[in-house]
Asks: 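I am attaching a structure below and will ask some questions about it afterwards.
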Amino acid sequence: FQKILRLAAALLAFWSVHVRAGELSSEQLLAQASSLVSIQGVDGRTGTRRTGSGVVVNPKQVITACSLVAGWAGYEIFSAGHSFPATLLIADQQKNLCLFTAEGLPAPPVLRGSTADLTMMMPVWVIRQSGSAPAPLEAASVTQLRGGKPPLIETTAAGGSESVGGALL
């Protein structure tokens with residue numbers, strides 16, 4: 001169990017997934033959209049259905065921001081028009097990262113790079129879920145790298161609750 005916890009902690013090091021934008025064609029960038037999923041649950045206080053984005057980081061494993069799913073009762077992952085019940089494996093509240101497992105989830109893991117390659121004002125792409133389909137790629141730049149290793153990444157990408165849990169490519 002400790003080995004799984006360490007592996008999950010390494011995955012939870014940052015919720016943004018980075019691949020050098022210059023290394024991928026626009027077709028390859030768009031192909032990463034299949035690794036982006038929608039996560040849904042019911043707000044335990046209001047009974048309202050909530051939706052956000054998550055990123056497949058390992059087979060059947062999705063990472064998202066804990067602040068997105070806080071207070072939810074039950075979780076479902078949506079991918080390729082299908083719903084998959086999800087179980088919370090690890091919640092790292094300090095880093096605001098939650099790792100879920102969803103049996104049968106067919107979405108492939110996203111390509112990952114290293115935060116060590118990031119520099120200030122580096123061009124990046126942001127993609128997130130918008131309803132049941134991925135939103136268009138949004139061009140952005142790295143504006144700040146805070147904290148230790150790996151750093152917390154700030155970009156020029158538009159914010160808002162719908163952007164929580166998206167991928168930084």
Side-chain angles (χ1 to χ4, degrees), residues 4 7-21 23-93 95-113 123-140 153 155-169:
I4 292 171
L7 174 63
L11 291 172
L12 295 173
F14 61 99
W15 65 270
S16 297
V17 180
H18 169 73
V19 175
R20 282 190 225 163
E23 292 178 358
L24 297 178
S25 68
S26 58
E27 292 82 19
Q28 289 171 312
L29 281 169
L30 289 172
Q32 294 306 298
S34 63
S35 300
L36 187 68
V37 297
S38 174
I39 184 165
Q40 296 184 9
V42 176
D43 187 309
R45 291 169 288 145
T46 65
T48 310
R49 189 143 190 85
R50 303 283 185 188
T51 302
S53 297
V55 179
V56 179
V57 292
N58 279 320
K60 303 175 190 151
Q61 292 187 335
V62 174
I63 198 164
T64 193
C66 288
S67 60
L68 173 72
V69 298
W72 287 12
Y75 312 97
E76 287 182 275
I77 306 283
F78 287 82
S79 175
H82 299 283
S83 169
F84 304 90
T87 303
L88 179 63
L89 290 177
I90 298 171
D92 184 334
Q93 299 297 335
K95 291 187 173 115
N96 190 27
L97 296 165
C98 284
L99 182 67
F100 291 86
T101 186
E103 285 303 316
L105 181 66
V110 71
L111 291 176
R112 289 184 283 172
V124 292
W125 295 97
V126 178
I127 188 166
R128 57 188 146 258
Q129 243 359 71
S130 177
S132 61
L137 286 171
E138 177 184 349
I153 305 161
T155 71
T156 57
S161 61
E162 69 283 350
S163 64
V164 175
L168 176 66
L169 305 171

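In this text, all values refer to a predicted model and were calculated from it rather than measured experimentally. Along the sequence shown, the residues carry numbers beginning at 1.
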Asks: Is the shortest heavy-atom distance from the side chain of V62 to the side chain of L105 under 4.5 Å?
Replies: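 The answer is yes; the side chains approach within 4.5 Å.
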
Asks: Nearest 0.5 Å, what's the CZ-CD1 distance between F100 and I63?
Replies: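 Between F100 CZ and I63 CD1, I get 10.0 Å after rounding to 0.5 Å.
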
Asks: How about F84 and V37: do any of their side-chain heavy atoms sit closer than 4.5 Å?
Replies: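 Answer no - side chains too far apart.
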
Asks: Look only at the side chain of N96 and the backbone of C66, and say whether a donor-acceptor pair between them is shorter than 3.5 Å.
Replies: yes

Asks: Applying salt bridge (charged side-chain N to carboxylate O under 4.0 Å, His left out), which residue pairs with at least one partner in residues 35-46 are found, sequence neighbours left out?
Replies: D43-R45, D43-R50

Asks: Please assess Q61 against V56 for the test side chain to side chain contact (heavy atoms under 4.5 Å, CB included), listing each intermediate value before the final yes or no.
Replies: CA-CA 6 Å; Q61 292 187 335; V56 179; over 6 Å; no

Asks: CG/L89 to OG1/T101 distance, rounded to the nearest 0.5 angstrom?
Replies: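 Spacing of CG (L89) from OG1 (T101) equals 5.0 Å.
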
Asks: Please name all residues satisfying side-chain contact (heavy atoms from CB on, under 4.5 Å) with P108, sequence neighbours left out, ordered by chain then number.
Replies: S34, S35

Asks: Between I39 and V69, is any pair of side-chain heavy atoms under 4.5 Å apart?
Replies: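 Touching, per the 4.5 Å side-chain cut-off.
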
Asks: Got a second to check how far I90's CD1 is from C98's SG, nearest 0.5 Å?
Replies: 10.0 Å

Asks: With heavy-atom distances below 4.5 Å as the criterion, would you say the side chains of P109 and P59 are in contact?
Replies: yes

Asks: Name each donor-acceptor pair under 3.5 Å that joins a side chain in residues 70-77 to protein atoms two or more places apart or in another chain, with its distance.
Replies:
from: W72; atom 1: NE1; to: L68; atom 2: O; distance (Å): 3.3
from: E76; atom 1: OE1; to: R49; atom 2: NH2; distance (Å): 2.5
from: E76; atom 1: OE2; to: S83; atom 2: OG; distance (Å): 2.5

